[in-house]
Amino acid sequence: MTKPILTIENLSIVFSSPDEADIEAVRQVDLTLTPGKTLALVGESGCGKSVTARAILRLLDANAKIPHGKILFAPEGAAVTDIAQLKQDSLPLRAIRGNQIAMIFQEPMSSLSPVHTIGDQIDEMMTIHEGLNHKRARERTVALLDQVGIPGPRERASAYPFELSGGLRQRAMIAMALACTPQVLIADEPTTALDVTTQAQILDLLRQLQADFGMAMLFITHDLGVVAEIADEVAVMYLGDVVEQGDVFDVFARPSHPYTQALMSSIPKMARKADRVRLNPIKGTVPAPKERPQGCAFTSRCPHAFEPCQTIRPERTDMGNGHHARCHLLTRTPAAEEMA
Ligand code: SF4
C-alpha cells in the first residue's frame, strides 16, 4: 500500500473577532492524501472546504488560528513536517509553499498578477525555488505552457493575463502550480468559472498531469459530477465537519449520511419526458458557523432528525472498506427505533 504524503489529523480552525466569541469553522477533520490519487472535498459553499485547503499552505486570514490538529507532510525520503506548527513566512514553510505543495485557485484573474506577463510569473517560481537563471527558467516555462496545451507557448509566455481567455488563463495557472513539480496539488474549484467544454478539457489535463507527475491531488468542488469524473476518494463536508468519507465508488453506491443522500438527489438527471421527476433540492441554507447546532451540524435541514441529533454530535461510524459517516441513524438500535 502506498504511504500517504499528507495526513491531516483532528484539525480545527477557529476565527476570532474582537466583538464575538471565537467561531470554529472547521472541526476535527481527518484527511489523507496519497501519491497518484485524488481526494475530492465536496459540499455547498460555506462548508469549510477552502478554509481546510488553505490551512495546508497556511494561507489563512490573520484572524484564523489552528487551536489543535496536525498537518503532517511526509515527502519521500525526507523527515515528516507538521505544517500546522510552522511559523508564518518561516523558511521551511516557504520551501513547501508553491514548491512541494502547490495550489490552483478558482479564479485565475484574481490569483495571477495583472501587471506581469504569464511567463515572468512562472519563471519566478523556478528562479526562487530552484535557483534557475532566467534563460533556463524561460525554457522550462515554455515547455510547461506547451504541456498544459497552450498553443504558441513561446508567444503566450509574453502575454498578460487579460490577453488570454478564461480557459487559457486556467491552463497558465496550472502550469505555474506545476513549475516546481509539486508532490501535492490542491485544486480549489478550478473549473467552476469555466464553460462545460473547457471544464472537461481541464479535468482531462489534470488527470493526465497527475499520471505524468504522480502527485497527490486534493480537489475541491461542490459538483458531484466532477467528483465522479476525477476522484478516487471523496470527503463530504458540512458546516466544518467531514460527515462522510470513503472510496468514491463506495460512497456513490451507498451514500450513508442524509446530507450526501440529499446532495445526490439534487443532481439533475437526463430522462425521457414521461420519466422526468422534479428536482429535489436541499431545503434551507447552510447556517453560519456561529449558529452551528450543538449536536449534529445537519440537524436544522435533515428530514430524518430525531431527539439526540439536537444535542449529541454523532461519532464516526465505520461502514467497512474505509467508508465512514457521522450520523445517529447508523447506530440507532431496533429498541430506539420502536421508541421513536
Ligand atoms: Fe440527520 Fe440526525 Fe443523522 Fe444528523 S445525526 S444527519 S440530524 S439523522
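Counting starts at 1 for both ligands and their atoms, in listed order.
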Which residue and atom name correspond to the protein heavy atom nearest [atom], and how close is it?
{"atom": "atom 4 (Fe) of ligand 1", "result": "Cys296 SG, 2.3 Å"}
{"atom": "atom 3 (Fe) of ligand 1", "result": "Cys327 SG, 2.3 Å"}
{"atom": "atom 5 (S) of ligand 1", "result": "His328 N, 3.2 Å"}
{"atom": "atom 1 (Fe) of ligand 1", "result": "Cys302 SG, 2.3 Å"}
{"atom": "atom 2 (Fe) of ligand 1", "result": "Cys309 SG, 2.3 Å"}

Counting only heavy atoms not in Glu130, do more than 12 fall under 6.0 Å of its CD? yes
Are side-chain N/O atoms of Gln201 and Arg171 paired as donor and acceptor at under 3.5 Å? yes
So, Gln208 and Asp212: side-chain donor and acceptor under 3.5 Å apart, yes or no? yes
Between Lys49 and Asp188 (salt bridge meaning N to carboxylate O under 4.0 Å), is one present in this structure? no
Considering only heavy atoms of [X], which atoms of ligand 1 have at least one such atom less than 4.0 Å away?
{"X": "Pro258", "answer": "6 (S)"}
{"X": "Leu329", "answer": "8 (S)"}
{"X": "Pro314", "answer": "5 (S)"}
{"X": "His257", "answer": "6 (S)"}

Closest heavy-atom contact between Thr52 and Ile13? CA-CD1, 4.2 Å
Roughly how far apart are Tyr259 OH and Ile282 CD1, rounded to 0.5 Å? 5.0 Å
Val251/Glu244 under side-chain contact (heavy atoms from CB on, under 4.5 Å): CA gap, chis, key distance, verdict: CA-CA 8 Å; Val251 172; Glu244 183 158 8; 4.2 Å; yes
Atom 3 (Fe) of ligand 1 to nearest N/O/S of His304 less than 2.8 Å: no
Donor-acceptor contact below 3.5 Å, side chain Arg156 vs main chain Leu145: no
With heavy atoms and a 4.0 Å threshold, my read on which part of Arg326 contacts ligand 1 is neither
